[in-house]
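Here the structure comes first, spelled out in structure tokens, and everything after it is commentary.
Chain letters run A, B, ... following the sequence lines, proteins first and then strands; every chain starts at 1. What you see is a predicted model; the values in this text were computed from it and never measured.
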Amino acid sequence: MVGELEFERPVVQLRNKIAELKEFTKTADVDLSSEIEKLELRLEKLEKDIYDNIKPWDRVQIARHPNRPTTLDYIANLFDGFFECHGDRSFGDDEAIVGGVAKFRGLPVTVIGHQRGKDTKENIRRNFGMPHPEGYRKALRLMKQADKFNRPIICFIDTKGAYPGKAAEERGQSEAIARNLFEMAGLKVPVICIVIGEGGSGGALALGVGNRMYMLENSTYSVISPEGAAAILWKDSSLAKKAAESMKITAPDLKELGIIDDIIPEIKGGAHKDVKGQAEAINIFLKKSLKELLELSEEELVADRYNRFRTIGEYSFLKDYISI
Amino acid sequence: MLKELFTKNTNKKKKYATIPTEAAKNDVPEGIMTKCPSCKTIMYTKELNKNLKVCLHCGYHHAMNAKERIVSFLDEDSFNEIDENMVSENPLNFPDYLEKVEKDRQKTKINEAVVTGYGSVNSNKIVLAIMDSTFRMGSMGSVVGEKITRAIEKADEMSVPFIIFTASGGARMQEGVLSLMQMAKTSVALKRFSDNGGLIISIMTHPTTGGVSASFASLGDYNFAEPGALIGFAGRRVIEQSIREELPEDFQTAEFLLKHGQLDAIISRQDLIDKITNLLEIHQPGGELEW
């Protein structure tokens with residue numbers, strides 16, 4: 001099987017064994033049906049054991065799976081008449097972010113998302129889904145347009161992070177991200193954000209200031225990649241697995257921390273096993289949240305977004321403190 | 001006996017004239033003298049401090065901590081600190097996190113990596129936030145985000161300008177995604193303040209990088225920097241590794257940013273009060289045309 005991940009290997013092995021036995025009974029004159037039945041029961045239990053207890057590091061692997069559905073895959077399955085708009089109107093067109101207008105069940109919307117490539121060639125064109133400043137400025141331009149025409153905005157988040165490069169710094173990567181956070185705070189239309197793969201730091205957050213925030217079950221969202229965190233904290237990027245465990249980067253972790261509204265359940269073993277089925281699961285959440293948000297006034301939408309981010313953070317107060 | 005003496009003498013290590021080692025040369029008694037890391041000139045710390053910690057020879061801006069900044073920038077005794085007793089929790093139960101914070105509290109004598117409050121510059125009332133890179137490299141966790149947000153809200157409430165001196169390595173790793181979300185929190189607060197007509201001035205000092213540069217530091221109505229300050233999103237080493245190319249000497253310096261259109265101006269410490277005062281007076285409400 002292509003792209004099987006290490007943690008699910010026992011399931012795959014057992015499944016192959018059962019298939020082999022079935023094949024064998026067809027040709028040989030022996031009755032193994034009771035054995036096969038037993039094995040199938042065991043497979044069911046094993047699947048449950050493994051897929052119900054996916055470790056953070058395994059989720060990272062699923063989120064990075066080469067066949068994991070991308071923004072354009074979901075756009076194709078969720079929206080009608082998607083019209084892609086290019087360019088930031090000042091420097092260029094960054095293909096690491098796609099955006100445009102479409103209809104969602106009859107409602108005009110603006111859709112924006114990070115876009116990885118499916119193969120090496122496309123990945124080079126799309127810079128592996130790591131945007132430059134012009135990508136964020138294109139996204140902002142489309143959001144302002146949506147604001148003007150009163151269209152809800154749907155953002156798909158899927159990036160390792162904003163691209164760390166010379167040209168990116170020259171054109172103001174920091175400013176581009178900061179500007180998006182600032183301007184998204186003031187949008188007078190509903191904004192729904194869904195993390196579909198990796199949510200890598202500021203590069204992800206720059207499309208992530210929304211009224212609703214969802215994560216696919218096996219996606220991640222963090223301040224830095226586990227490799228980066230391990231390099232900074234312990235000066236050893238091979239400790240990424242340990243960092244993934246301690247940094248709370250999985251959907252259940254973020255739900256518990258109160259940062260996301262809900263977890264969108266995934267197809268067993270990962271979204272890459274059934275794109276259509278996964279799009280259907282997203283569809284349910286989009287429909288529900290749009291319905292709720294369309295009830296709110298412009299002021300309420302801005303206030304809702306403000307309140308959601310204003311309350312994030314943990315701190316306490318000291319009795320004995322140092323005064324400056 | 002004479003022979004013995006003779007052999008002993010030859011075995012004895014020859015005495016050479018001693019030249020102080022590089023380490024010893026640089027070893028200036030602590031506190032009295034300071035060596036400029038840029039031009040290597042050694043000068044009296046007192047003199048340097050009197051000159052706002054700007055090197056008397058080459059103009060290098062030495063790092064200022066929060067306390068020094070308050071004394072040098074605000075009118076005497078005008079500063080009132082707010083939220084001074086807010087401290088970090090350990091929301092992710094990250095190993096050794098609170099111990100490290102406590103160590104820095106003892107070392108720096110401040111409670112977190114930002115000091116906030118209100119005061120005045122040449123009698124112009126402002127709310128001020130000063131990040132301090134000596135505390136956990138000025139990194140932003142929940143407390144830094146919350147204190148800055150509260151300072152912005154204070155400025156909104158008082159209807160006075162908000163000025164921030166930034167100095168930070170970026171988001172604080174030990175608070176994970178909560179640190180990331182402080183970027184959004186401070187930005188939504190600035191947006192609200194800005195929509196209410198508030199004036200935002202960001203003064204980036206060495207270093208301002210990562211999540212801090214990608215949020216409030218870049219969101220001023222006016223973005224300034226101190227000469228030579230390192231300002232950028234991704235670290236130099238990360239970029240060099242990813243593009244496998246050596247970067248120019250001045251990469252990510254304030255001068256580089258000015259050249260690439262990211263800053264309104266670079267302001268040296270000596271000119272800071274005058275320039276900011278000028279700007280604050282232009283923004284005073286009620287400036288009417290006189291006939």
Side-chain angles (χ1 to χ4, degrees), chain A residues 161-166 168-186 199 201-202 204-206 208-209 221-224 228-229 232-233 243 246-249 253-254 257 259 302 305-306 308-324, chain B residues 66-67 70 81 84-89 91-92 94-95 105 109-111 115 142-143 145-146 149 171 173 175-185 187-192 194-195 210-211 213-219 231-235 238-239 242-243 245 247 251-252 260-262:
Chain A
Y163 185 62
K166 186 178 164 213
E169 299 285 334
E170 284 173 347
R171 299 198 285 276
Q173 189 74 288
S174 291
E175 199 276 345
I177 294 170
R179 186 63 48 196
N180 276 22
L181 307 181
F182 184 79
E183 295 294 348
M184 284 184 89
S201 193
L205 186 63
V209 182
Y221 197 174
S222 72
V223 68
I224 191 170
I232 290 177
L233 291 168
S246 43
M247 287 191 75
K248 311 257 189 262
I249 62 176
D253 290 330
L254 269 86
L257 289 166
I259 288 169
V302 175
R305 224 172 291 131
Y306 178 86
R308 122 167 252 119
F309 288 97
R310 179 64 189 86
T311 49
I312 299 176
E314 284 189 32
Y315 47 86
S316 57
F317 294 95
L318 287 175
K319 285 213 180 69
D320 297 315
Y321 56 88
I322 308 160
S323 189
I324 208 151
Chain B
K67 209 174 279 186
I70 290 165
E81 194 178 355
E84 54 205 309
N85 57 342
M86 194 191 292
V87 288
S88 295
E89 295 275 282
L92 308 188
F94 210 93
R105 281 187 69 223
K109 306 282 177 225
I110 51 175
N111 292 313
V115 174
S142 297
V143 174
E146 181 70 19
T149 303
M173 296 297 122
E175 291 190 34
V177 74
L178 289 170
S179 301
L180 181 69
M181 292 298 151
Q182 303 309 309
M183 292 167 64
K185 179 160 91 181
S187 299
V188 300
L190 278 178
K191 175 67 181 170
R192 180 175 274 198
S194 179
D195 284 349
S213 82
S215 59
F216 51 83
S218 296
L219 291 174
I231 303 160
F233 179 65
V238 174
I239 298 173
S242 70
I243 64 173
E245 168 187 339
L247 295 164
F251 188 66
Q252 291 180 329
H260 286 100
Q262 306 296 319

Derivation and outcome, side-chain contact (heavy atoms from CB on, under 4.5 Å), residues A:Leu318 and B:Arg105: CA-CA 12 Å; A:Leu318 287 175; B:Arg105 281 187 69 223; 3.2 Å; yes

State, to 0.1 Å, how close [X] and [Y] come at their nearest heavy-atom pair, and which atoms those are.
{"X": "B:Val177", "Y": "A:Lys248", "value": "CG1-O, 4.4 Å"}
{"X": "A:Leu181", "Y": "B:Ala184", "value": "CD1-N, 4.3 Å"}
{"X": "A:Phe182", "Y": "B:Ser187", "value": "CD1-O, 3.9 Å"}

Can you find a pair of side-chain heavy atoms, one from [X] and one from [Y], that are under 4.5 Å apart?
{"X": "A:Leu205", "Y": "B:Met181", "value": "yes"}
{"X": "A:Leu257", "Y": "B:Leu92", "value": "yes"}
{"X": "B:Phe94", "Y": "A:Met247", "value": "yes"}

Heavy-atom contact with chain A under 4.5 Å, split by part of B:Leu190: both

Proximal component of B:Val87, with respect to chain A [non-hydrogen, under 4.5 Å]: both

Polar side-chain atom of B:Gln182 near backbone of A:Ile312 as donor-acceptor pair, under 3.5 Å: yes

Polar side-chain atom of A:Glu170 near backbone of B:His260 as donor-acceptor pair, under 3.5 Å: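 Absent.
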
Measuring heavy-atom distances to chain B, does [X] have an atom under 4.5 Å in its side chain, in its backbone, in both, or in neither?
{"X": "A:Arg171", "value": "backbone"}
{"X": "A:Ser222", "value": "backbone"}
{"X": "A:Ile249", "value": "neither"}
{"X": "A:Ala176", "value": "neither"}

Could you check which of [options] has the highest count of heavy-atom pairs closer than 4.5 Å to chain B?
{"options": "A:Ala178, A:Ser174, A:Ala185, A:Gly313", "answer": "A:Ser174"}
{"options": "A:Leu233, A:Asp253, A:Leu254", "answer": "A:Leu233"}
{"options": "A:Ser201, A:Gly202, A:Ala162, A:Gly228", "answer": "A:Ser201"}
{"options": "A:Ala168, A:Ala229, A:Gly186", "answer": "A:Gly186"}

Heavy-atom pairs under 4.5 Å with chain A, option from B:Leu180, B:Val188, B:Ile231 with the top count: B:Leu180

Chain A interface, residue from B:Met173, B:Lys109, B:Glu175, B:Glu146 that has the most non-hydrogen pairs under 4.5 Å: B:Glu146

Geometric cation-pi criterion B:Lys185 and A:Phe309, 6.0 Å radius, 45° cone: no

Polar side chain donor-acceptor pair, A:Glu314 to B:Ser142, under 3.5 angstrom: no

Gap separating the CD atom of B:Gln262 from the CD atom of A:Gln173, nearest 0.5 angstrom: 10.0 Å

Gap separating the CG atom of B:Asn85 from the OH atom of A:Tyr315, nearest 0.5 angstrom: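 Here the rounded value is 11.5 Å.
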
